[in-house]
Amino acid sequence: MAAANYLQSEDRFLCSICLDVFTDPVSTPCGHNFCKNCITEHWNTSNRCLCPICKEGFTTRPDLRVNTFISEMVAQFRQSAQQKVSKPGEVPSDVCTGTKLKREYEGKKGKTEAEIQQMIQKRRLKIQEIKHSVDLSEEDADREIAEGVQVFTSLKESVERGLNELINTIKEKQKTTEKQAEAFIKELEQEISELMKRSTEVEQLSRSEDHLHLLQSVQSLNIQQPPPTKDWTEVSVSPSSYEGTVVKAVAQLEEKLSEEMKKLLESELKRVQQYAVDVTLDPDTAQSFLILSDDGKQVNHGDVRKNLPDNPERFSKSASVLGKQSFSSGRFYFEVQVKGKTKWDLGVVRESINRKGIINLSPEDGYWTIWLRNRNEYKALAGPPVLLSLKSPPQKVGVFVDYEEGLVSFYDVDAAALIYSFTCCSFTEKLFPFFSPCNNEGGKNSAPLIISPVRVN
């Protein structure tokens, strides 16, 4: 019986060096067994004493002694093998048991090597994949740097140009003031000169002892009348007014910055649109008042509750529905037409959200959404909500998610403007697109939400 058990595990009696049945089996300190001659010759041809199986090293060559227990087991195994003789004159089937075991061992070894090679190949492919990802990331980084350098260079030039224009404007105003002052001063100096001349003449006449000449001179000079001069009482030079000069220059710079921002957002929107996915509505999640189109691309609120099973996935009170598609990695983008609506909710949610009763739209509860209320009141449901100031009502909203980056962004597609971004989000579950057309309010909000095909301009 014992011999039969030995035969069931023949590879236990094979030396991993010669691949044959043990001869004088010895055990290394690490617990592995070899033929005494095999391990001795192996160490004689090596610089270090290492176990051929586990590679454990020994500072001094171990004192190898025959393992009597294994030696006895091998002896019983050989005896059992020799007893398995077929017909008289026929070679025992297991006379060459060692060869058979060697062959089986080599087969197993070959299979193991193939598996190892396959594992190696998979890891080499993974290395290539990682390197390719790094290359793509480097290309993206170079493109972002180039675009950033271009934008900031343009802004820098605009700032320098605006500053020079501001300085020149102020200097021109100052020059105008100086020229006006110089003209007044010159005119005043001329009048002073005329007055001094008259004063000198009067003084000279006053010293004259020829009364007849004095009388004639007074009459000719009309000394009773002073030289013609201007009334300078109301004349003044006011300092130049610079109010609004700097403000105007900064406003022009702000306009330039807005232009650059618009270009950047247009470029950014085109990039995120490259991650467009095909989203369809999941009827198993739709609240029973919602009406879904046959193609799963439109949803609006009806007045009649449909008789639908209250499965765990379905929203019970909230007029909401999820997309069929889920995402647990990477980036994805989709667009929704909201034209003609007075109320709506859009965004993404995690799989484990509460779908029954009254729900709370907040990141803490697994909702990353924005909404419209009262036709023109837009909010990001960031907890607390953030009031959004939009230049114009969006007709089509784009939703972009970067799972690893923890980013959810909303865009006004037609205006190529960023509406709002949730950043530093922590995603650990599947994410689903989220849609709520809200109640139809007696027909005022009957227009559907429409998942639109993404068109990259």
Side-chain angles (χ1 to χ4, degrees), residues 272-293 295-301 305-306 308-336 338 343-372 379-386 397-411 419-438 448-452 454:
V272 301
Q273 285 176 329
Q274 303 298 325
Y275 299 98
V277 294
D278 184 18
V279 174
T280 52
L281 302 171
D282 184 356
D284 291 338
T285 66
Q287 189 222 26
S288 56
F289 278 98
L290 297 184
I291 302 172
L292 276 60
S293 62
D295 62 358
K297 296 293 185 180
Q298 301 187 30
V299 58
N300 65 297
H301 185 270
R305 178 189 290 272
K306 296 188 289 294
L308 298 173
D310 186 21
N311 51 286
E313 298 82 11
R314 192 178 308 282
F315 289 91
S316 61
K317 287 188 176 296
S318 173
S320 305
V321 60
L322 302 183
K324 285 184 178 181
Q325 294 72 23
S326 65
F327 305 89
S328 55
S329 65
R331 303 166 184 168
F332 63 94
Y333 173 86
F334 59 94
E335 294 179 352
V336 183
V338 297
K343 297 172 63 176
W344 50 258
D345 308 338
L346 282 177
V348 294
V349 300
R350 67 185 179 214
E351 186 176 23
S352 63
I353 55 167
N354 173 38
R355 311 182 192 197
K356 306 301 180 182
I358 298 174
I359 61 177
N360 183 33
L361 301 183
S362 71
E364 290 75 15
D365 294 288
Y367 292 81
W368 291 268
T369 59
I370 63 173
W371 77 12
L372 165 67
K379 286 185 179 180
L381 286 304
V386 177
V397 176
V399 183
F400 172 71
V401 176
D402 188 326
Y403 194 98
E404 284 75 19
E405 193 69 22
L407 173 70
V408 181
S409 293
F410 299 86
Y411 296 88
I419 297 175
Y420 186 80
S421 286
F422 291 89
T423 58
C424 301
C425 307
S426 179
F427 302 133
T428 57
E429 301 178 22
K430 292 179 180 179
L431 296 180
F432 290 83
F434 172 79
F435 312 84
S436 176
C438 298
L449 290 176
I450 304 174
I451 302 173
S452 306
V454 177

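Both backbone and side-chain heavy atoms feed into the values below; hydrogens, waters and symmetry mates do not. What you see is a predicted model; the values in this text were computed from it and never measured.
- In summary, the side chains of S288 and R305 do present a donor paired with an acceptor at a separation below 3.5 Å, with no hydrogens or angles considered.
- The shortest side-chain heavy-atom distance between L322 and P433 does not fall under the 4.5 Å cut-off.
- S452 and E335 share no donor-acceptor pair across their side chains, judged by distance under 3.5 Å alone.
- When all heavy atoms of P363 and F422 are compared, the pair lying nearest together is CG-CE2, 4.0 Å.
- With contacts defined as side-chain heavy-atom distances shorter than 4.5 Å, the pair F327/K430 does not qualify.
- Side-chain atoms of T285 and D282 include no donor-acceptor pair closer than 3.5 Å.
- In this structure F334 satisfies the ring pair (Phe, Tyr, Trp, His ring centres under 6.0 Å) test together with F435, sequence neighbours excluded.
- Using bins of under 30°, 30° to 60° and over 60° for the plane-to-plane angle, the ring pair F400/Y275 lands in the tilted bin.
- In this structure, I359 and S318 have side chains that are in contact, with non-hydrogen atoms separated by less than 4.5 Å.
- In this structure, the side chains of E404 and S329 come closer than 4.5 Å at one or more pairs of heavy atoms.
- S436 has its side chain out of reach of W344: every pair of non-hydrogen atoms, C-beta onward, lies at least 4.5 Å apart.
- Here the side chains of K297 and T280 are in contact, with some heavy-atom distance below 4.5 Å.
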Evaluation steps, ring pair (Phe, Tyr, Trp, His ring centres under 6.0 Å), between F410 and W368: CA-CA 10 Å; F410 299 86; W368 291 268; over 10 Å; no

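- Residues R331 and Q274 are not in side-chain contact: their nearest non-hydrogen atoms beyond the backbone lie 4.5 Å or more apart.
- Relative orientation of the Y367 and F434 rings is perpendicular, given thresholds of 30° and 60° on the angle between their planes.
- Applying the side-chain hydrogen bond (donor to acceptor under 3.5 Å, both in side chains) test to Y420 and every residue at least two apart in sequence or in another chain returns nothing.
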